[in-house]
Amino acid sequence: MRLHVADHPLVAHKLTVLRNKETASPTFRLLVDELVTLLAYEATRDVRVEPHEIETPVTTTVGVRLAEPRPLVVPILRAGLGMLEGMTRLLPTAEVGFLGMQRDEETLEAVTYANRLPDDLTGRHVFLLDPMLATGGTLVAAIDYVFARGARDVTAVCLLAAPEGIQVLENAVGDRVDVQLVVAAVDERLNEKAYIVPGLGDAGDRLYGVV
């Protein structure tokens, strides 16, 4: 697995405002959108392209375009929805699927409750969106889910990660180079309730309110 921590002043600034418990939901949503666009720039460095000939106003030249099959962006519901627009802003031609997974608060295991993905993901580069990598169970289950359907590469984009979650992910995928994790920051630890510390609280609740 490849880990990339986005080291940029704008990323650090926006993340600091997100962490602040006084930041209201509308501002929180806007900052998540902006932060994910910055992370998407890093996450798409290895996206596959193919040569493409075009006519400029001056001459003919060969550039590149995204290769087929198109990338697939998959937010993990519900909090991952808040990251979708920021990701598709840089990948407007990507297709979008949805995966509903949540952590059982007693067992801490990931439970799948919704799936809106193609049955065949052969050759696809899949971008999984989940704000928090805490225990790692949800992300590992999601990665297994898309690889079982033929995905070629998986890039997970998270706002924050705990060292414990990263370790779980590394144990699950080993040294596979087709799995990448892109995060804004790696925090200190998990607390006794498996929340990231210092973290930013429950990302879904802060995006959409308590349901």
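All values below come from the heavy atoms of this structure, side chains included, with hydrogens, waters and symmetry mates left out.
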Step-by-step side-chain contact (heavy atoms from CB on, under 4.5 Å) determination, H4 to Q180: CA-CA 8 Å; H4 180 84; Q180 181 184 23; 4.1 Å; yes

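- The backbone N or O of R206 sits less than 3.5 Å from a side-chain atom of S25, completing a donor-acceptor pair.
- Shown here for A134 and A194, the closest heavy-atom pair between the two residues is CB-O, 3.8 Å.
- No side-chain donor-acceptor contact under 3.5 Å links N115 to the backbone of L99.
- Remark: R149 is positioned above the aromatic ring of Y145, its terminal NZ or CZ atom under 6.0 angstrom from the ring centre and at most 45 degrees off the axis.
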Derivation and outcome, side-chain contact (heavy atoms from CB on, under 4.5 Å), residues I76 and F98: CA-CA 6 Å; I76 298 177; F98 298 93; over 6 Å; no

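- For the pair L160 and L133, the minimum side-chain heavy-atom distance is 4.5 Å or more.
- What you find for D187 and V197 is that their closest heavy atoms are CB-O, 3.4 Å.
- Linking Ile, Leu, Val, Met, Phe, Trp and Tyr whenever their side-chain heavy atoms come within less than 4.5 Å puts V173 and L3 in one cluster.
- Using a 4.5 Å heavy-atom threshold, the side chains of F147 and V154 count as touching.
- Between V64 and P51, the closest side-chain pair of non-hydrogen atoms is not below 4.5 Å.
- In this structure, the side chains of V186 and I166 come closer than 4.5 Å at one or more pairs of heavy atoms.
- Note: Y195 OH to L200 CG = 11.0 Å, rounded to the nearest 0.5 Å.
- In this structure, L10 is a member of the same hydrophobic cluster as L159, with clusters built from ILVMFWY side-chain heavy atoms closer than 4.5 Å.
- For the atom pair CG (L18) and CD (E34), the distance works out to 9.5 Å, reported to the nearest 0.5 Å.
- Heavy-atom minimum distance, L139 versus A156: CD2-CB, 3.7 Å.
- Annotation: side-chain hydrogen bond (donor to acceptor under 3.5 Å, both in side chains) contacts involving residues 157-179, sequence neighbours excluded, comprise Q167-N171, R176-D178.
- Placement of V47 and L129 within a single hydrophobic cluster is found when ILVMFWY residues are connected by side-chain heavy-atom separations under 4.5 Å, directly or transitively.
- Note on V168 and V5: same hydrophobic cluster, where clusters join Ile, Leu, Val, Met, Phe, Trp and Tyr whose side-chain heavy atoms are under 4.5 Å apart, directly or indirectly.
- Contact annotation: the side chain of V182 approaches that of T155 to within less than 4.5 Å [non-hydrogen atoms, C-beta and beyond].
- Closest heavy-atom contact between I196 and M132: CD1-CE, 3.8 Å.
- Across V146 and V126, no two heavy atoms sit closer than the pair CG1-CG1, 4.2 Å.
- Looking at heavy atoms from C-beta onward, T61 lies out of side-chain contact with E53 at the 4.5 angstrom threshold.
- Atoms CG and CE, on L39 and M87 in that order, are 9.0 Å from each other to the nearest 0.5 Å.
- Here the side chain of T122 pairs no donor or acceptor atom with the backbone of G150 at under 3.5 angstrom.
- One finds the CG atom of D46 at 11.0 Å from the CZ atom of R48 (value rounded to the nearest 0.5 Å).
- Between the side chain of T88 and the backbone N or O of L84 there is at least one donor-acceptor pair closer than 3.5 Å.
- Considering only heavy atoms from C-beta on, L15 stays 4.5 Å or farther from V17 through its side chain.
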Chi angles and distances behind the side-chain contact (heavy atoms from CB on, under 4.5 Å) call for V140, D144: CA-CA 6 Å; V140 167; D144 288 343; 3.8 Å; yes

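- If you chain together hydrophobic residues whose side chains sit under 4.5 Å apart, V183 and L90 never meet in one group.
- R89 and T37 share a side-chain donor-acceptor pair at under 3.5 Å.
- The CG atom of D33 lies 10.5 Å from the CE atom of M83; values are rounded to the nearest 0.5 Å.
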Pair R152-H125, side-chain contact (heavy atoms from CB on, under 4.5 Å): steps then yes or no: CA-CA 6 Å; R152 175 175 173 177; H125 189 160; over 6 Å; no

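- Residues L207 and R29 come closest through the heavy atom pair O-NH1, 2.6 Å.
- The line from NE2 of H13 to CG of L38 is 11.0 Å long, rounded to the nearest 0.5 Å.
- No salt bridge links D153 with R124; every basic N to acidic carboxylate O contact stays at or beyond 4.0 Å.
- The neighbour count for R70 CZ, taken as heavy atoms of other residues, nucleotides or ligands under 6.0 Å away, is above 12.
- You'll find the side chain of L181 stays beyond 4.5 Å of the side chain of R2, heavy atoms only.
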